[in-house]
Amino acid sequence: MSPNLKERTPLRTDLKRPRGTQDLLAPESLRLERLRRLAFDTAREYGFDPIETPIFEQSAVFLKVGESTDVVQHERYTFTDVGGVDLTLRPEGTAAIARAYVENGLFNAPQPVRLFYWGPMFRRERPQALRYRQHTQFGAELFGSEEPSADAEIMLLSTAVVAKAGLVDPVIRVNSIGCSLCRPTYRAALVEYYQPLRDEICEDCQRRLTQNPLRLLDCKVDQPAREQAPDIAQYWCDDCRQHFETVVSMVQSTGRAIDRDPYLVRGFDYYTRTVFEVGHPELGTNVALFGGGRYDGLVASLDGPSVPGVGFGIGSERLLSALGERFMAVSSPSYYVAAVPGHHQAAFALVEELRRRGVTCYVDLLSRSLKAQIRDANRRSDRVIIVGGREWDQGLVTLKYLNTGEQEAVSREPDQLARRLNPAPTA
RNA sequence: GUGGAUGUAGCUCAGUCGGUUAGAGCACCAGGUUGUGGCCCUGGGGGUCGGGGGUUCGAGUCCCCUCAUUCACCCCA
């Protein structure tokens with residue numbers, strides 16, 4: 001029986017989705033799926049293998065790598081299961097992938113190891129435009145090479161995905177935050193510079209001064225103080241300098257745009273040397289489309305050997321938003337098989353024959369009148385196949401194009417009909 | 001965690017100075033003759049006006065609280 005819409009009850013429910021989450025319906029859900037495939041195919045072209053890890057990990061996996069990272073300190077979805085295990089919904093991909101690299105002994109696989117992932121991430125933040133408590137992230141990690149070519153390859157894969165999706169001229173903003181040899185010196189110089197200015201800088205920056213001095217650089221309030229601040233480039237050790245310059249020139253040699261941003265630092269503790277971001281004007285001033293960097297100490301901090309790594313993450317919702325109508329869901333031609341009264345079962349069977357031959361089609365499931373079916377077809381497709389009556393008895397069905405109103409009788413023999421509807425691509 | 005704005009039908013929104021039974025467009029369902037859609041016409045279903053409390057003879061309208069959404073911070077994808 002069809003639902004009696006005349007007696008439909010009003011919508012009254014408190015069962016709403018949790019704050020900061022979203023229900024994705026078509027066509028948004030279709031765009032997301034198309035992007036997922038595009039990302040998958042591109043990562044494969046670059047020689048990366050897909051990896052799936054749990055969406056929750058022992059909390060220690062994230063805590064070990066994010067001592068002063070907001071994402072793991074203040075924004076965790078953490079729970080204790082009935083066995084008393086402390087678990088956390090993953091706020092980001094890299095730590096979990098690194099854990100999997102260690103646990104599965106991938107340091108014994110041919111290096112470097114190239115992995116990519118796609119899936120939900122969870123952060124308990126205050127929701128805002130393009131900032132959700134659950135968002136979908138695509139990312140890749142490359143373990144086992146500290147060569148600049150590894151950084152460049154990661155940047156090129158990430159920009160390839162967004163460029164293929166239709167983002168015009170993505171510009172990589174890049175910086176190096178140095179290594180354990182040169183960064184402490186720079187950090188000290190930065191603190192020394194800002195200390196006398198303590199009363200002039202904003203509250204957040206006063207906190208940063210002691211907690212995370214590098215973050216002073218990307219403050220949006222205290223621009224004047226920043227201009228005179230020491231530049232980390234002056235403090236790079238020789239190895240870091242050469243590494244950075246080689247990364248930049250390798251990317252440039254491929255024709256991708258890349259610019260140094262001396263104020264770029266990133267929010268995860270585990271980064272070393274290269275950090276990069278790609279923003280987008282349509283997303284507003286302060287919303288990164290994606291970002292990444294090098295993390296040479298991460299694997300070791302997760303009880304693995306000393307293996308360097310570099311990776312990135314792209315926020316799918318943000319990318320789709322930036323792309324807008326340039327990235328739409330694509331759909332193959334579809335057919336609505338409408339049945340003359342008394343022929344619903346014949347139509348139903350024909351539809352299944354067609355689907356087995358790769359034809360996308362709808363069929364009425366409400367036992368509606370032919371008129372109602374064609375009205376319905378008009379909203380779902382522009383092509384109708386009418387099943388029944390005299391033609392059916394003659395081995396034919398009517399193929400009707402709704403946009404022009406033209407219609408013709410064609411064979412209903414499944415192989416012939418499917419070929420007619422799904423013409424093989426001409427070579 | 002901080003600050004601002006906004007909540008009326010599935011969607012987009014009207015709703016005057018506080019005053020009768022809360023409206024429109026779109027969408028949805030049905031009919032406009034038995035095998036043909038869109039356009040048009042007619043009819044229909046759908047609202048505790050986000051929730052709770054208060055002021056008042058009377059609250060969608062005024063006040064307080066709360067929840068949600070949204071924007072800007074913080075931070076990040």
Side-chain angles (χ1 to χ4, degrees), chain A residues 2-14 16-20 22 25 66 68-75 91-94 119-139 158 162 202-205 207-208 211-212 215 218-221 265-268 277-280 283-292 312-322 336 338-343 366 368-392 398 400-407:
Chain A
S2 58
N4 189 340
L5 295 171
K6 287 181 180 175
E7 292 177 10
R8 190 173 58 176
T9 54
L11 195 161
R12 270 187 69 184
T13 178
D14 294 323
K16 300 184 174 177
R17 63 176 181 268
R19 188 169 194 195
Q22 48 184 347
L25 310 176
S68 68
T69 302
D70 271 13
V71 162
V72 296
Q73 279 306 107
H74 309 297
E75 302 173 359
E92 56 106 26
T94 303
M121 303 295 163
F122 305 86
R123 299 175 191 175
R124 199 200 175 284
E125 303 177 272
R126 187 89 174 261
Q128 193 176 312
L130 296 177
R131 194 175 73 183
Y132 305 98
R133 291 184 171 182
Q134 174 177 340
H135 75 275
T136 307
Q137 206 171 118
F138 167 72
S158 56
V162 298
C202 70
E203 258 179 58
D204 288 322
C205 280
R207 181 175 47 80
R208 291 174 180 127
Q211 297 199 340
N212 198 350
R215 289 231 142 261
D218 66 358
C219 177
K220 281 155 292 292
V221 182
V265 293
R266 289 183 52 77
F268 291 103
E277 266 182 25
V278 171
H280 195 268
L283 292 181
T285 53
N286 205 21
V287 180
L289 193 55
F290 65 86
F312 73 89
I314 299 181
S316 305
E317 293 84 356
R318 288 184 182 180
L319 177 56
L320 287 175
S321 169
Y336 193 106
V340 167
H343 290 76
L366 289 171
R368 281 185 282 206
S369 67
L370 180 63
K371 180 193 199 110
Q373 289 176 69
I374 292 180
R375 192 189 309 125
D376 188 36
N378 196 53
R379 292 177 295 201
R380 302 182 191 277
S381 175
D382 60 353
R383 298 160 192 210
V384 181
I385 294 166
I386 298 168
V387 167
R390 297 177 296 280
E391 310 95 279
W392 183 260
T398 301
K400 172 166 183 159
Y401 297 90
L402 290 174
N403 48 358
T404 62
E406 292 170 34
Q407 59 183 56

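Letters A, B, ... mirror the listed sequences (proteins, then strands); counts begin at 1. Here the structure is a predicted model, which is why all the values come from computation and not from measurement.
- Across the protein-nucleic acid pair, Arg133(A) atom CZ and U70(B) atom P stand 11 Å apart, rounded to whole Å.
- For Gln407(A), whose side chain is taken as the heavy atoms from C-beta onward, the closest listed nucleotide among C71(B), C75(B), U36(B) is U36(B).
- The side-chain hydrogen bond (donor to acceptor under 3.5 Å, both in side chains) check on Arg390(A) picks up nothing, with sequence neighbours excluded.
- Heavy atoms of Arg390(A) sit under 4.0 angstrom from at least one base atom.
- At least one donor-acceptor pair under 3.5 Å links the side chain of Gln373(A) to the backbone N or O of Arg368(A).
- For Glu277(A), the salt bridge (Lys or Arg N to Asp or Glu O under 4.0 Å) partners at least two apart in sequence or on another chain are Arg173(A), Arg266(A).
- When rounded to the nearest whole Å, the span between CG of Leu25(A) and P of A27(B) equals 19 Å.
- For the side-chain hydrogen bond (donor to acceptor under 3.5 Å, both in side chains) test, residues two or more places apart in sequence or in another chain that qualify with Arg383(A) are Tyr335(A).
- One finds a side-chain N or O of Gln128(A) lying less than 4.0 angstrom from the OP1 or OP2 phosphate oxygen of A72(B).
- At whole-Å resolution of the value, CZ in Arg266(A) and C1' in A77(B) are 9 Å apart.
- Using C1' as the reference atom, G15(B) and G7(B) are 15 Å apart when rounded to the nearest Å.
- U21(B) and G10(B) have their P atoms separated by 23 Å, with the value rounded to a whole Å.
- With both ends at atom P, the span from G25(B) to U42(B) equals 11 Å, rounded to whole Å.
- The residue Glu391(A) sits close to a base: some heavy atom pair falls under 4.0 Å.
- The phosphate of C29(B) has neither OP1 nor OP2 within less than 4.0 Å of any side-chain N or O from Arg375(A).
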Point to revise | Stepwise side-chain contact (heavy atoms from CB on, under 4.5 Å) check, Val162(A) with Val278(A) | key: CA-CA 10 Å; Val162(A) 298; Val278(A) 171; 5.5 Å; no
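- For the side-chain contact (heavy atoms from CB on, under 4.5 Å) test, residues two or more places apart in sequence or in another chain that qualify with Pro127(A) are Arg19(A), Arg133(A).
- Between U61(B) and U8(B), the two C1' atoms lie 11 Å apart (nearest whole Å).
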Exercise for review: For RNA chain B, just give me the dot-bracket, please: Watson-Crick or G-U, both distances below 3.5 Å, ( ) intra-strand, [ ] crossing earlier pairs, | paired with another strand, . unpaired.
Suggested key: (((((((..((((.....[...)))).(((((.......))))).....(((((..]....))))))))))))....
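- Rounded to whole Å, the distance from CD1 on Ile374(A) to P on G35(B) is 12 Å.
- With sequence neighbours excluded, the residues satisfying side-chain contact (heavy atoms from CB on, under 4.5 Å) with Glu125(A) are Glu75(A), Arg123(A), Arg131(A).
- Among the protein residues, Tyr132(A) comes within range of the nucleic acid bases, having at least one heavy atom under 4.0 Å from a base atom.
- Checked by distance alone, Glu277(A) brings no side-chain donor or acceptor within 3.5 Å of a matching partner on the base of A77(B).
- Ser321(A) has its side chain out of reach of Arg318(A): every pair of non-hydrogen atoms, C-beta onward, lies at least 4.5 Å apart.
- Taking Thr136(A) as the reference, Leu32(A), Trp118(A), Ser316(A), Glu317(A) meet the side-chain contact (heavy atoms from CB on, under 4.5 Å) condition, with sequence neighbours excluded.
- Rounded to the nearest Å, the gap between the P atom of G43(B) and that of G18(B) is 36 Å.
- Residues Leu402(A) and Ile374(A) meet the side-chain proximity criterion, which asks for heavy atoms closer than 4.5 Å.
- Taking atom CG of Leu130(A) as the reference point, atom C1' of C75(B) lies 15 Å away to the nearest angstrom.
- Glu92(A) comes within contact range of no nucleotide atom at all, as no heavy-atom separation falls under 4.0 Å.
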Exercise for review: Report the C-alpha separation of Asp376(A) and Tyr336(A) in whole Å, then their side-chain angles, then the decisive distance to 0.1 Å, and conclude whether the side-chain contact (heavy atoms from CB on, under 4.5 Å) test is met.
Suggested key: CA-CA 9 Å; Asp376(A) 188 36; Tyr336(A) 193 106; 2.8 Å; yes
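- Each of Val340(A) and Gln137(A) was matched to the nucleotide of RNA chain B holding its nearest heavy atom; the match closer to the 5' end belongs to Val340(A).
- For the side-chain contact (heavy atoms from CB on, under 4.5 Å) test, residues two or more places apart in sequence or in another chain that qualify with Val340(A) are His343(A), Leu370(A), Ile386(A).
- Distance check on atom P: C71(B) versus G52(B) gives 28 Å, rounded to whole Å.
- For the segment residues 378-388 of chain A, residues with any heavy atom less than 4.0 angstrom from an atom of RNA chain B are, sorted by number, Asn378(A), Arg379(A), Ile386(A), Gly388(A).
- Taking atom C1' in both G35(B) and C28(B), the straight-line distance is 25 Å, to the nearest Å.
- C29(B) atom P lies 14 Å from atom NZ of Lys371(A), rounded to whole Å.
- If you check distances only, the side chain of Gln373(A) never reaches the base of U36(B) with a donor-acceptor pair under 3.5 Å.
- Here Asn403(A) lies in heavy-atom contact (under 4.0 Å) with a base.
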For nucleotides 67-69 of chain B, list the nitrogen or oxygen atoms of the protein found under 3.5 Å from its nitrogen or oxygen atoms, one pair per line.
residue, atom, partner, partner atom, Å
U69(B), OP2, Arg19(A), NE, 2.6

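- The same atom, P, is picked in G51(B) and in A9(B); the two are 10 Å apart, to the nearest Å.
- Partners of Arg207(A) according to the salt bridge (Lys or Arg N to Asp or Glu O under 4.0 Å) rule, which considers only residues two or more places apart in sequence or in another chain, are Asp204(A).
- Sequence order on RNA chain B of the closest nucleotides to Arg124(A) and Leu370(A) puts Arg124(A) first from the 5' end.
- Using a 4.0 Å heavy-atom cutoff across all strands shown, Gly139(A) reaches no nucleic acid atom at all.
- The base of U36(B) sits with one of its N or O atoms less than 3.5 Å from a complementary donor or acceptor on the side chain of Lys400(A).
- Rounding to whole angstrom units, CZ of residue Arg207(A) and C1' of U2(B) are separated by 12 Å.
- Distance CZ (Arg368(A)) to C1' (G37(B)): 12 Å, rounded to an integer number of Å.
- For Phe312(A), the ring-ring contact (aromatic ring centres under 6.0 Å, His included) criterion is met by Phe138(A), not counting sequence neighbours.
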